[in-house]
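Contents: one structure, followed by commentary.
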Amino acid sequence: MDFSALNDALASKSYDQIADICDTLMLQVSSQGVVFQDEWPYAIHLLGHIYISDINSARFLWKRIPLAVKERQPEVVAAWNIGQKLWTRDYAGVHEAIREFNWSPEVQGIVASFSELYTKKMFELLVSAYSTISTQDTALFLGLNADDAANCNLSSFFTWLITFVQI
Amino acid sequence: MNLNMNSVETLVAQIHGLSGSISDINQLHSLLKQSEDLFQSESTRLAPLLTELDPFMHSLGYLYILDACTSAPISKEQASELVLSIARFINLCAAEQIRLAPDKFTSVCKRFKDQVMLLEDPMQGVAPMLTAIRKLQLSSEHLTTLHPDFLLFCLLAKCYKPGLSILEDDIFDVDQPRDFFLYCYYGGMICIGQKKFSKALELLHNVVTAPMSILNAIVVEAYKKYILVSLIHVGQFSISFPKYTSSVAQRNLKNFSQPYLELANSYGAGKISELELCVQAHNEKFEFDKNLGLVKQVVSCMYKRNIQRLTQTYLTLSLQDIANTVQLNSAKEAEMHVLQMIQDGEIYATINQKDGMVRFLEDPEQYKTCEMIERIDSSIQRIMMLSRKLTDMDEQLSCDPLYLAKVSL
């Protein structure tokens with residue numbers, strides 16, 4: 001299986017193209033009758049769909065993944081966990097799902113990039129949807145965990161928030 | 001026997017010789033048509049000949065021999081090899097040559113579909129079938145017999161995105177009515193899976209209102225999904241059919257979809273508790289029809305509809321009041337619902353957490369941006385194209401002898 005296009009996209013951080021590249025390659029390999037399920041980079045494929053907010057395709061990909069792969073590759077399950085939180089709109093849960101797994105080096109780049117992108121989108125949503133909102137909720141939506149959010153005082157919060165405004 | 005094989009080998013030589021220019025190919029085509037019986041009688045011995053031919057340069061000859069080889073019964077061991085060799089042919093063949101024998105190409109692809117289904121690996125068929133459609137089609141407006149097979153593969157393999165790319169084409173030429181019914185029904189299911197409810201509604205509407213003299217199972221199932229998608233996307237369902245619906249559909253469809261019509265009635269009343277009772281009552285039927293997922297989406301849509309209805313009456317409303325009116329459990333739940341609707345662009349509002357209030361806003365779209373103007377422009381272009389097509393069809397129809405015979409009476 002020729003993963004060069006995928007590797008190039010990962011190297012150049014063109015994460016928005018990963019889903020298409022993986023989909024096309026999967027259909028191609030499948031039509032050649034190759035048994036690819038054991039070697040397929042499902043975690044990256046799932047994250048590719050999640051990166052472009054195509055949770056529908058991520059769901060269907062998850063349904064196609066064989067049980068054996070789900071049992072043997074915890075990273076695939078962890079990647080889907082992020083998708084699941086997005087699907088159920090558990091806004092704070094997405095950040096938790098990203099934080100709680102020890103991602104492998106191949107996947108760290110796309111996870112970090114998605115985390116930034118998601119936080120930015122959440123920030124824009126909060127700005128447009130709320131005229132007032134508690135600091136605790138803001139912190140939760142933007143990725144601080146529950147304890148930090150409850151304990152953070154206003155000035156340290158704003159210092160941290162300014163980093164997002166500058167993105 | 002030997003004599004026949006000699007004739008076959010002569011034909012192969014002629015395939016080599018006559019695959020150059022267009023006039024040569026036409027000559028070859030007549031020769032091949034005349035030799036069909038010969039191919040059929042030697043079908044079991046033709047497979048090795050394929051290695052002497054190039055699938056691209058000698059597509060037409062290759063097609064005839066492949067068709068004859070595959071017409072014989074296939075054993076399970078041969079199935080996977082056959083599938084691979086047909087897929088290879090589809091990828092490499094020259095479209096201009098195979099379009100001379102569309103029926104043969106279609107029957108080879110049909111056998112491909114049957115074998116892929118036997119191997120229970122529908123994903124294997126997705127890419128080749130898409131290529132086959134693109135090569136067989138005379139234009140992107142042409143619906144072939146292969147379209148529904150492709151969509152079926154997409155559904156079974158859970159690869160919905162390739163299906164969507166085909167569904168974006170507007171169809172104006174249809175070979176067989178049955179293909180059209182299946183294409184629209186499967187297409188509707190794919191759009192539902194990708195949450196493109198507007199397109200799904202359009203496709204299902206086409207199935208329900210298509211001309212037909214007797215009812216078929218596809219229309220009955222499509223009608224059930226049509227009711228559900230209508231409730232999800234439009235928020236209401238009208239039981240009266242458009243005028244152009246066939247009388248057979250108008251008279252009979254409702255008899256097969258009583259539980260769905262009751263659900264639609266219950267939805268119209270606007271109370272979540274009543275709707276959930278209705279769902280419970282017909283749970284088994286919905287599950288049997290494999291529509292339970294859609295029914296659940298109908299229920300969650302009702303919360304949205306009820307909140308949207310509030311925007312027509314109120315400028316501001318407290319989260320607790322929203323929760324009470326819409327029958328949610330708490331103000332926090334109401335806040336999450338409103339936030340999700342704002343995120344999806346289904347409502348324009350701002351939440352004031354400090355006071356626990358929601359302020360409903362007007363749609364900020366001013367219709368002045370460049371993107372909006374481009375959208376309007378492309379819609380106008382599309383309508384002009386449709387209008388031209390309609391005029392052409394009208395002119396063609398007025399010259400049609402069947403039509404003139406009926407009208408002159």
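Chain identifiers are assigned alphabetically (A, B, ...) following the order of the sequence lines, protein sequences preceding nucleic acid strands; residue numbering begins at 1 within each chain.
Of the two parts of I133(A), the backbone and the side chain both hold a non-hydrogen atom closer than 4.5 Å to a non-hydrogen atom of chain B. For D20(A), the part sitting under 4.5 Å from any heavy atom of chain B is the side chain, from C-beta outward, and nothing else. At a 4.5 Å heavy-atom cutoff, the contact between A349(B) and chain A is made by backbone atoms alone.
Atom OG of S31(A) sits about 13.0 Å away from atom CD1 of I86(B), to the nearest 0.5 Å.
Between T132(A) and D355(B), the closest side-chain pair of non-hydrogen atoms is not below 4.5 Å. Side-chain contact check for Y160(B) versus R59(A): every heavy-atom pair is 4.5 Å or farther apart.
The local environment of CD in E100(A) is crowded, with over 12 non-hydrogen atoms from other residues, nucleotides or ligands closer than 6.0 Å. Within 6.0 Å of OH in Y314(B) there are 12 or fewer heavy atoms belonging to other residues, nucleotides or ligands. Residue D363(B) qualifies as enclosed at atom CG: its count of foreign heavy atoms under 6.0 Å is above 12.
In terms of heavy atoms, F60(A) sits closest to K158(B) at CB-O, 3.6 Å. Closest heavy-atom contact between R64(A) and A157(B): CD-O, 2.9 Å. Scanning all heavy atoms of the two residues, the minimum distance from K161(B) to S57(A) falls at CD-OG, 3.4 Å. Minimum heavy-atom separation, Q343(B) to Y91(A): OE1-OH, 2.9 Å. The shortest heavy-atom contact between L84(B) and G33(A) is CD2-N, 3.7 Å. Nearest heavy atoms, I342(B) versus A129(A): CD1-CB, 3.8 Å.
Between chain A and the options K354(B), R359(B), K195(B), heavy-atom pairs under 4.5 Å are most frequent for K195(B). Between chain A and the residues A127(B), P128(B), G193(B), G125(B), the most heavy-atom pairs under 4.5 angstrom are made by G193(B).
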Inset, instruction - Show your working on side chain to side chain contact (heavy atoms under 4.5 Å, CB included) between M357(B) and S131(A) and close with a plain yes or no. - result: CA-CA 10 Å; M357(B) 300 289 290; S131(A) 58; over 6 Å; no
Legend entry - Trace of the side chain to side chain contact (heavy atoms under 4.5 Å, CB included) decision for C159(B) with L27(A): CA-CA 9 Å; C159(B) 297; L27(A) 287 177; 4.1 Å; yes
